[in-house]
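See structure below.
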4 protein chains.
Amino acid sequence: MRFFSDNAAPVHPRVMAALAEANRLDTAYDGDARSRALDGRLSDLFGTDVMAIWVPTGTAANCLALAALCPPHGGVVCHRDAHIQNDEGGAPEFYTHGAKLFLADGEGAKLTPDTIRAVVDAIADDVHRVQPHAISITNATEYGRVYTPDEVAAIGALAQERALGLHMDGARFANAMATLGCTPAEVTWQAGVDALSFGFVKNGAMSAEALVFFKPELAGATLYRRKRAGLLFSKGRYLAAQVLAMLDDDLWLANARAANARATALAAAAGARLVHPVEANEVFLRATPDEAAALRAKGFDFYDWAAGEIRLVTAWDSPAEHVALLAQAIGQL
Amino acid sequence: MRFFSDNAAPVHPRVMAALAEANRLDTAYDGDARSRALDGRLSDLFGTDVMAIWVPTGTAANCLALAALCPPHGGVVCHRDAHIQNDEGGAPEFYTHGAKLFLADGEGAKLTPDTIRAVVDAIADDVHRVQPHAISITNATEYGRVYTPDEVAAIGALAQERALGLHMDGARFANAMATLGCTPAEVTWQAGVDALSFGFVKNGAMSAEALVFFKPELAGATLYRRKRAGLLFSKGRYLAAQVLAMLDDDLWLANARAANARATALAAAAGARLVHPVEANEVFLRATPDEAAALRAKGFDFYDWAAGEIRLVTAWDSPAEHVALLAQAIGQL
Amino acid sequence: MRFFSDNAAPVHPRVMAALAEANRLDTAYDGDARSRALDGRLSDLFGTDVMAIWVPTGTAANCLALAALCPPHGGVVCHRDAHIQNDEGGAPEFYTHGAKLFLADGEGAKLTPDTIRAVVDAIADDVHRVQPHAISITNATEYGRVYTPDEVAAIGALAQERALGLHMDGARFANAMATLGCTPAEVTWQAGVDALSFGFVKNGAMSAEALVFFKPELAGATLYRRKRAGLLFSKGRYLAAQVLAMLDDDLWLANARAANARATALAAAAGARLVHPVEANEVFLRATPDEAAALRAKGFDFYDWAAGEIRLVTAWDSPAEHVALLAQAIGQL
Amino acid sequence: MRFFSDNAAPVHPRVMAALAEANRLDTAYDGDARSRALDGRLSDLFGTDVMAIWVPTGTAANCLALAALCPPHGGVVCHRDAHIQNDEGGAPEFYTHGAKLFLADGEGAKLTPDTIRAVVDAIADDVHRVQPHAISITNATEYGRVYTPDEVAAIGALAQERALGLHMDGARFANAMATLGCTPAEVTWQAGVDALSFGFVKNGAMSAEALVFFKPELAGATLYRRKRAGLLFSKGRYLAAQVLAMLDDDLWLANARAANARATALAAAAGARLVHPVEANEVFLRATPDEAAALRAKGFDFYDWAAGEIRLVTAWDSPAEHVALLAQAIGQL
């Protein structure tokens with residue numbers, strides 16, 4: 001019974017069906033009908049004109065966004081527990097040609113205007129210091145916490161004041177949206193976000209994320225960078241098809257709601273053991289090594305986080321009975 | 001009736017079936033059973049211990065190979081019509097951090113020891129000149145020409161003599177093999193090739209190529225580079241599944257034979273119009289603009305190459321009737 | 001008797017005196033009075049508002065200019081014999097993060113609108129091809145040929161038409177100017193040049209060139225790039241002092257005239273042996289290996305160029321008697 | 001009266017004399033007699049075979065060393081207050097093509113095996129995390145603290161155990177040596193240091209540092225990288241001459257002793273105000289804004305450090321009377 005991560009979950013049947021349906025000849029690269037539909041579909045979703053492209057991984061989406069917002073000699077403020085800092089093998093530095101990540105603090109891996117200012121204000125404005133050019137936040141965060149539109153807007157206002165770009169890593173954007181209940185616009189461009197990595201892989205797709213630029217003029221060289229990174233698939237229609245299938249009838253929201261509900265059920269069982277409020281599909285709880293072993297002995301698979309902490313992640317397809325069993329087992333610890 | 005390129009052809013049903021079969025939980029990234037099988041399966045095919053990984057595009061395969069064979073301050077000798085020079089948007093320079101491509105000549109986009117020497121011998125051995133570190137050849141070439149094992153071995157001997165790495169861009173390796181009839185070993189590692197981009201996408205896969213290192217010690221940092229380039233899919237099993245499906249029962253060879261046979265039929269019709277001998281699945285023929293227009297008027301889609309030249313490419317699925325019609329139309333020009 | 005190159009000539013006494021005079025405390029980096037004077041002094045010389053900074057080498061000047069004019073995913077058109085292609089160890093690729101040099105032809109290492117168009121027009125305007133973003137010309141060229149203002153203006157017009165930046169490598173700009181007799185403005189910004197590497201080291205300085213931006217807004221990140229490349233000397237005043245000393249009383253022109261006059265004397269002796277018209281301080285002449293050996297036996301030091309060609313370079317300090325002896329020896333071949 | 005930094009002090013007369021003496025023709029780049037002497041002279045000084053080259057700035061020396069010790073996809077552990085992190089404008093990332101700096105703690109900007117381990121042990125050994133490849137320490141540190149041979153050796157042992165390279169930023173290596181009184185060997189290669197940036201500019205040179213590799217095989221591509229960075233001066237003899245002049249009769253030590261003695265005098269006056277023990281030529285002391293203003297009103301120039309702290313730096317030429325006046329003024333606060 002797997003609660004290790006949502007990143008290896010099976011592909012949703014409707015996505016598989018969309019791949020099958022796309023399996024006929026169309027123009028190569030992103031000239032096919034499906035790829036050309038992305039701008040429109042995502043503009044509709046976000047209620048503004050966006051430029052949207054498929055990319056195969058969240059790391060690629062994040063790093064193309066950062067390269068659009070930060071020059072090689074600049075820097076990006078992110079949380080010290082951010083995926084771009086810890087889990088992408090230096091891809092941000094590769095794509096930006098060596099920009100520096102400035103690490104800020106914040107509870108639950110959430111930045112705040114104050115923690116950003118603490119970093120930025122310490123950087124003297126001269127050529128000896130790498131200058132910040134952008135901020136990157138993650139929604140939902142690495143700890144399953146969700147930024148509200150107001151929280152994002154506060155950061156967006158700071159970004160604008162300091163002339164910094166604002167990127168949102170939305171590997172679990174769907175999970176955040178399922179919780180927030182607001183419009184996608186409210187927590188992104190209306191709050192000052194310039195570019196969003198809109199994740200689908202963790203939420204039921206196979207190998208497609210959308211990189212969404214809310215200021216198309218910022219996208220600038222991104223199409224060239226995507227090609228230059230070896231990311232321009234000749235059969236791009238199979239990526240576009242995944243994105244479209246996820247958007248159709250809000251499958252992305254339905255899947256995220258399912259995953260979140262499972263996590264909420266686990267959270268209820270965890271009670272005082274919770275390390276972070278559960279706002280998406282990740283549950284961090286305190287467990288001694290013995291307790292962790294006891295859970296594993298019952299067939300549950302998960303990740304040891306910090307000392308005395310374990311992480312449980314639910315996915316769109318987490319079986320209700322597995323969740324019930326795990327909730328029970330947690331209760332029995 | 002599409003003869004534009006093989007790069008947008010549909011995915012073979014057996015590959016689609018393999019994707020469906022892979023659609024259950026397994027370990028993320030390349031820890032799944034399928035990904036772990038690649039080394040063995042390709043070692044069997046090549047008759048030697050190889051290190052093999054999936055990557056999603058041919059550009060990514062080529063450029064990871066070049067990065068393994070050439071430092072940022074070095075250079076790679078390739079044909080001036082090579083894909084890495086003309087069609088990858090500067091990806092070789094991105095992945096190698098700025099290595100230089102040295103452009104050599106050769107009929108049919110084939111390098112020879114003489115044309116390589118002409119380039120390499122002109123480079124003084126001092127720090128003012130970028131020094132060559134590798135050679136990259138393409139088999140089959142951009143003009144559908146095939147290197148024989150002896151031809152590769154002659155280049156391999158030169159590479160060894162000059163301490164240069166040798167990469168083979170095998171975006172259409174299957175088409176070359178279908179023509180050569182030799183073992184995969186004979187035209188690769190036994191002839192001095194260090195790394196092969198083994199292409200499947202043009203030959204019936206959806207989004208998976210294999211990067212094969214014949215000297216695993218050369219692979220060195222490649223796993224880190226793949227991650228750093230945003231190419232390490234969390235659901236890697238769907239890429240491995242494609243490669244394995246293509247290898248099963250030599251589907252890769254069967255598909256390539258089909259495509260080559262179609263090209264041979266077109267070549268027979270083209271006769272004296274042929275620009276290059278047809279050795280794989282590409283047919284270049286002389287046609288005036290009026291003749292090209294006449295073919296298009298009959299419903300054939302293809303690429304205008306140099307002035308007075310058109311390119312016809314067949315794929316694994318090119319319908320025999322389309323080929324027959326096109327052959328007839330060519331005969332009527 | 002050295003005619004090998006002008007790049008190792010001694011430093012002019014007035015430059016040495018300027019170093020001595022600068023040898024007192026002033027602000028670090030480029031905050032000192034001399035560094036701050038560069039913009040003004042070079043704006044005066046060029047008759048327009050320029051942004052000018054010291055850099056220690058011509059390679060650094062060239063490559064900072066290219067980085068300002070061309071993004072990592074772009075390319076720069078230059079002559080196939082250009083210094084940036086052949087003699088800078090890949091520095092253009094390093095500074096631009098992997099931009100590609102497109103090699104064009106032209107007699108005497110001079111580009112023309114036609115040879116540039118031949119390269120640029122062959123590049124399809126899509127993401128698969130590296131797109132040209134700039135042109136780099138060298139005045140005087142590697143073969144000692146000089147671009148006239150009209151010739152530069154023709155290239156400048158093409159650059160503007162195609163939205164390409166225009167860089168002039170002026171490692172021997174002084175030698176060109178000494179021949180042209182026009183104003184510095186006429187052959188640079190009035191002809192469409194965006195950035196000039198204004199060389200002094202070959203012409204009597206020790207270790208300082210000026211990088212001049214005629215559109216200061218283009219300079220953008222150059223101050224950051226200079227620092228990031230480890231080129232921002234803490235004792236920058238000693239570099240600024242060199243530049244200022246070279247500008248004082250037009251020492252740069254006097255030195256170049258001296259060197260050019262020596263070359264002209266050699267050219268007269270060479271007569272029909274000349275490979276290129278002598279327009280600056282370089283003399284290329286046909287000489288058999290035996291003839292070259294004969295000259296060396298008489299104590300002359302020079303560079304073997306192509307087969308059957310030698311290169312003689314005069315410097316600001318080439319002794320008249322050495323030149324007379326060499327002219328005599330050439331006459332006796 | 002300047003106590004702002006040692007980085008803008010005048011050039012020592014013996015260095016100026018050496019430049020004058022070098023002002024005659026010699027071979028270009030590093031082929032001249034002086035440049036060729038560096039390996040030998042520094043091998044003598046360090047009592048082992050070293051490979052030593054001139055570079056113009058400390059940033060260049062540091063970053064060439066890091067590029068030799070760390071691949072683009074790797075990381076370097078340094079103190080969070082290290083010059084390479086805070087004062088080089090991202091040059092380490094530029095030269096290494098995007099390696100990451102891992103920031104460790106330590107009193108007085110000194111790393112210890114424990115603080116290094118705290119960083120390194122937190123990095124999981126997989127492709128998702130940038131892996132550490134080197135450690136960089138600064139001797140004397142940014143706070144004027146000195147590593148003893150034993151302290152370096154403890155770090156060197158850890159480096160060896162973890163297969164990490166070890167770089168020493170010796171911008172003020174002379175000041176450290178003047179305090180330590182040990183042999184240069186003891187605090188460098190005998191303690192496990194692989195590469196040393198041996199600084200001269202802050203200590204009386206104009207524009208030359210030595211980059212010293214204690215394992216010449218590590219130097220590998222450094223000569224190519226130096227050229228590629230635009231750092232290979234054509235008149236390299238003037239840089240070599242500076243290094244040699246600094247080494248002659250241990251001028252480097254004499255200058256450092258002079259600077260250190262001045263700092264010691266200031267430290268005595270500062271007494272309980274000292275923030276860090278004074279072990280080199282930097283004095284950090286607590287001073288309120290009013291006190292700082294009072295010192296400035298008396299004509300002293302210095303740097304405001306953290307809140308309530310000022311930094312006083314002495315140089316090889318700090319006039320004794322200025323020091324006496326400043327000591328007196330500090331005493332009167």
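So that the names make sense, note that chain A is the first sequence line, chain B the second, and so on, each numbered from 1.
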Structural part of Ala205(A) lying under 4.5 Å from a heavy atom of chain B: backbone
Could you list each donor and acceptor atom pair linking chain A to chain B at less than 3.5 Å?
unit_1: Asn7(A); atom_1: O; unit_2: Ser234(B); atom_2: OG; d: 3.1
unit_1: Asn7(A); atom_1: ND2; unit_2: Tyr29(B); atom_2: OH; d: 3.2
unit_1: Ala8(A); atom_1: O; unit_2: Arg237(B); atom_2: NH1; d: 3.1
unit_1: Ala8(A); atom_1: O; unit_2: Arg237(B); atom_2: NH2; d: 2.8
unit_1: Ala9(A); atom_1: O; unit_2: Lys235(B); atom_2: NZ; d: 2.9
unit_1: Ala9(A); atom_1: O; unit_2: Arg237(B); atom_2: NH2; d: 3.4
unit_1: Val11(A); atom_1: N; unit_2: Asn23(B); atom_2: OD1; d: 2.6
unit_1: Val11(A); atom_1: N; unit_2: Tyr238(B); atom_2: OH; d: 3.4
unit_1: Val11(A); atom_1: O; unit_2: Asn23(B); atom_2: ND2; d: 3.0
unit_1: Asn23(A); atom_1: OD1; unit_2: Val11(B); atom_2: N; d: 2.7
unit_1: Asn23(A); atom_1: ND2; unit_2: Val11(B); atom_2: O; d: 3.0
unit_1: Tyr29(A); atom_1: OH; unit_2: Asn7(B); atom_2: ND2; d: 3.2
unit_1: Thr57(A); atom_1: OG1; unit_2: Gly230(B); atom_2: O; d: 2.7
unit_1: Asp87(A); atom_1: O; unit_2: Lys227(B); atom_2: NZ; d: 3.1
unit_1: Gly90(A); atom_1: O; unit_2: Arg228(B); atom_2: NE; d: 3.4
unit_1: Tyr95(A); atom_1: OH; unit_2: Ala229(B); atom_2: O; d: 2.6
unit_1: Val201(A); atom_1: O; unit_2: Lys235(B); atom_2: NZ; d: 2.8
unit_1: Ala205(A); atom_1: O; unit_2: Lys235(B); atom_2: NZ; d: 2.7
unit_1: Lys227(A); atom_1: NZ; unit_2: Asp87(B); atom_2: O; d: 3.1
unit_1: Arg228(A); atom_1: NE; unit_2: Gly90(B); atom_2: O; d: 3.4
unit_1: Ala229(A); atom_1: O; unit_2: Tyr95(B); atom_2: OH; d: 2.6
unit_1: Gly230(A); atom_1: O; unit_2: Thr57(B); atom_2: OG1; d: 2.7
unit_1: Ser234(A); atom_1: OG; unit_2: Asn7(B); atom_2: O; d: 3.1
unit_1: Lys235(A); atom_1: NZ; unit_2: Ala9(B); atom_2: O; d: 3.0
unit_1: Lys235(A); atom_1: NZ; unit_2: Val201(B); atom_2: O; d: 2.8
unit_1: Lys235(A); atom_1: NZ; unit_2: Ala205(B); atom_2: O; d: 2.7
unit_1: Arg237(A); atom_1: NH1; unit_2: Ala8(B); atom_2: O; d: 3.1
unit_1: Arg237(A); atom_1: NH2; unit_2: Ala8(B); atom_2: O; d: 2.8
unit_1: Arg237(A); atom_1: NH2; unit_2: Ala9(B); atom_2: O; d: 3.3
unit_1: Tyr238(A); atom_1: OH; unit_2: Val11(B); atom_2: N; d: 3.4

Measuring heavy-atom distances to chain B, does Leu19(A) have an atom under 4.5 Å in its side chain, in its backbone, in both, or in neither? both
Using heavy-atom distances under 4.5 Å, tell me whether Met16(A) contacts chain B through its side chain, its backbone, both, or neither. side chain
Can you tell me which of Gly230(A), Pro92(A), Pro13(A), Ala315(A) forms the most heavy-atom pairs within a distance under 4.5 Å of chain B? Gly230(A)
For chain A, the option from Ala28(B), Ala229(B), Cys63(B), Ala61(B) that forms the most heavy-atom pairs under 4.5 Å: Ala229(B)
Among Gly236(B), Ala60(B), Pro56(B), which residue has the highest count of heavy-atom pairs closer than 4.5 Å to chain A? Pro56(B)
